[in-house]
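Following: one structure in structure tokens, then a few remarks.
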Amino acid sequence: MDTWPAARVPSLPGQAPEPVVWDTATRTAAVAAPGRIASIYACGITPYDATHIGHAATYIAWDLLIRSWKDAGHEVRYAQNVTDVDDPLLERAARDGDDWRELADREIDRFRSDMTALRVLPPDHLIGAVEALDVIADLSAALADRGSLYELDGDVYFLRSADPDFGTVSGLGMAEMVELSAERGGDPGRPGKKDPLDPLVWLARRPDEPFWESQFGPGRPGWHVECSAIATRYLGHSFDVQAGGADLIFPHHEMSASHARVAYGDGEPAFARHYCHAGMVRLDGEKMSKSLGNLVFVSALRESGIDPMAIRLAIMANHYRPGWDWTSRGLNAAVGRLERWRSALAVARAGDGGVPDGGGAPEAGGVPDGGGAPDGLAVLTAMRERLADDLDAPGAIAAVDAWADAVLAGRVDDSTARSAGLVADSVDALLGVRL
Ligand code: 5CA
Ligand code: ZN
């Protein structure tokens, strides 16, 4: 399906260090992409409601990785799915008397415009489950060839015991896996399954639900096989990074990896070399989720007049990995920071130490003790170094804050004016914030 327009990324002088990320599976930090081509699959939305801050935070995290990869000289290949047929979407459409396809199309459109406004770079391939049915059929056929599927009352399950490496993504014990599977779309208690954790690959046609013909008869695809099939078709049987929120570690990423290993592994490594997960964004201490209904929508904030660059800054003030709380205090701080950065840029460009409203008076007599503000190259180097260290956006923001504070305190000299444009380009290219 169509993606969304790409924001222009200014090119920066010099070379960035190789981005290192935390890998959930190995529990170590690793160079995210050792080769020239860097490839990433990010799990996409299930489009039954608008994009909330939790979604936006995960896509901004991967956007930071992609921007750092580009800056380090990589060619990036990026694929993302849209789960445009699944239980939650069908349930919401039924509840509201909506047509499921119209609901999905409406929310996908809204997602595209939110991502565009937030200057999140688009994937090369944005692929819906429905348009990928052939791709899913190919992976399912490979699984069937390896004897890893079985039927239960017309539904088709994957035999997780076919994969000796099952469990290596999440590293969880059986009891925990069963519990999470029940919470997150699985059916560990269904009688007749060979193993409680075996996931559905194909659901036989249900009354009043959409269905498609397949090698297994009419029905619709399971969830994990969708991402396994789309990722391997568009990025190859193995690729650098599988990315998503931490709620996808188990069962989703475990299962997608397992499908690919059994279908395409043949003893070779298959699926992602690294698994990256963003912490859950909370509201009042609870995970922001469609099922709890405690959502802050990006589109609603935009409609209320909040600059999308402030939303982006409010998100990036938190490191992507631990979970964090969305608060109006955090948003207000980001609005203030954006204003300060823009004022500092105006002052630095003018090169005269004149401070606009609210910036505080510059000290008399030109540059005070302590010299001028850090020059553009120093700011860029600090930002690059922080972002290459597991996408430390708060660290990169602190480097820009130090520059802005110095400029607004009147510590401006010739080099401040000369390199003001470089600071603006660095903030744009690496943090995706246009000043
Ligand atoms: N379509 C599937 C993935 S294949 C899905 O999980 N869709 S979703 O719409 O529920 O979520 C889209 C992305 O946002 C996923 O990476 C999910 O882990 C992430 N996400 C959802 N809620 C939050 C939250 N509160 N905080 C952070 N990330 C979240
Ligand atoms: Zn997925």
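For ligands, and for the atoms within them, numbers begin at 1 and follow the listed sequence.
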Identify, by atom number and element, the atoms of ligand 1 in contact range of [X], meaning under 4.0 Å from any of its heavy atoms.
X      : result
Tyr59  : 12 (C), 13 (C)
Asp247 : 17 (C), 18 (O)
Gly244 : 16 (O)
Thr83  : 1 (N), 2 (C), 4 (S)
Cys227 : 4 (S)
Asn81  : 4 (S)

Does any N or O atom in [X] lie less than 3.5 angstrom from one in ligand 1, N or O only?
X      : value
Leu248 : no
Met288 : yes
Ala246 : no

With a 4.0 Å cut-off on heavy atoms, is [X] touching ligand 1?
X      : result
Glu226 : no
Gly44  : yes
His252 : yes
Ala243 : no

Taking atom types as modelled, find out whether Tyr234 and Asp124 have a side-chain donor-acceptor pair closer than 3.5 angstrom.
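Not at all, the side chains of Tyr234 and Asp124 share no donor-acceptor pair under 3.5 Å.
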Check: Tyr157/Asp195 side-chain N/O donor and acceptor closer than 3.5 Å
no
Can you tell me how the ring of His52 sits relative to the ring of His55, calling it parallel under 30°, perpendicular over 60° and tilted otherwise?
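Ring orientation of His52 relative to His55: parallel.
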Parallel, tilted or perpendicular: which one describes the rings of His237 and Tyr264, with boundaries at 30° and 60°?
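It falls in the parallel class, under 30°.
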Of all the non-hydrogen atoms in the protein, which one sits nearest to [atom], and at what distance?
atom                    : answer
atom 26 (N) of ligand 1 : Val281 N, 2.8 Å
atom 4 (S) of ligand 1  : Trp223 NE1, 3.2 Å
atom 27 (C) of ligand 1 : Gly54 O, 3.3 Å
atom 20 (N) of ligand 1 : His55 CD2, 4.1 Å
atom 22 (N) of ligand 1 : His52 CE1, 3.4 Å
atom 19 (C) of ligand 1 : Thr58 CG2, 3.7 Å
atom 16 (O) of ligand 1 : Gly245 N, 3.0 Å

Lys/Arg N to Asp/Glu carboxylate O, Glu107 vs Arg110, below 4.0 Å
yes
In plain terms, say whether Arg273 and Asp23 are close enough for a salt bridge, that is, a side-chain N and a carboxylate O under 4.0 Å apart.
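No.
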Determine whether the aromatic ring centres of residues Phe111 and Tyr59 are separated by less than 6.0 angstrom.
yes
Backbone N or O of Thr58 within a donor-acceptor pair of the Trp62 side chain at under 3.5 Å?
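Yes: the side chain of Trp62 pairs with the backbone of Thr58.
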For the backbone of Pro88 and the side chain of Asp86, can you confirm whether one donor and one acceptor N or O come within less than 3.5 Å of each other?
no
Tyr48 ring centre to Arg92 NZ or CZ under 6.0 Å, with the angle to the axis within 45°?
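No; the conditions do not both hold, so Arg92 does not lie above the ring face of Tyr48.
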Checking side chain to side chain donor-acceptor pair (under 3.5 Å) for the pair Glu226/Thr83: CA distance, chi angles, key distance, verdict?
CA-CA 8 Å; Glu226 167 192 340; Thr83 308; 3.1 Å; yes
Against Arg106, only a single residue in Asp49, Asp98, Asp99 fulfils salt bridge (charged side-chain N to carboxylate O under 4.0 Å, His left out); can you say which?
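Single pass found, and it is Asp98.
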Strictly under 2.8 Å, is the Zn ion (ligand 2) approached by any N, O or S atom of His224?
no
NE2 (His252) to the Zn ion (ligand 2) to SG (Cys43) angle, given to the nearest 10 degrees
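About 110°, to the nearest ten degrees.
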Check His259, His224, His277 against His252 for a ring-ring contact (aromatic ring centres under 6.0 Å, His included) and give me the one that passes.
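Of the listed options, the one satisfying the test is His224.
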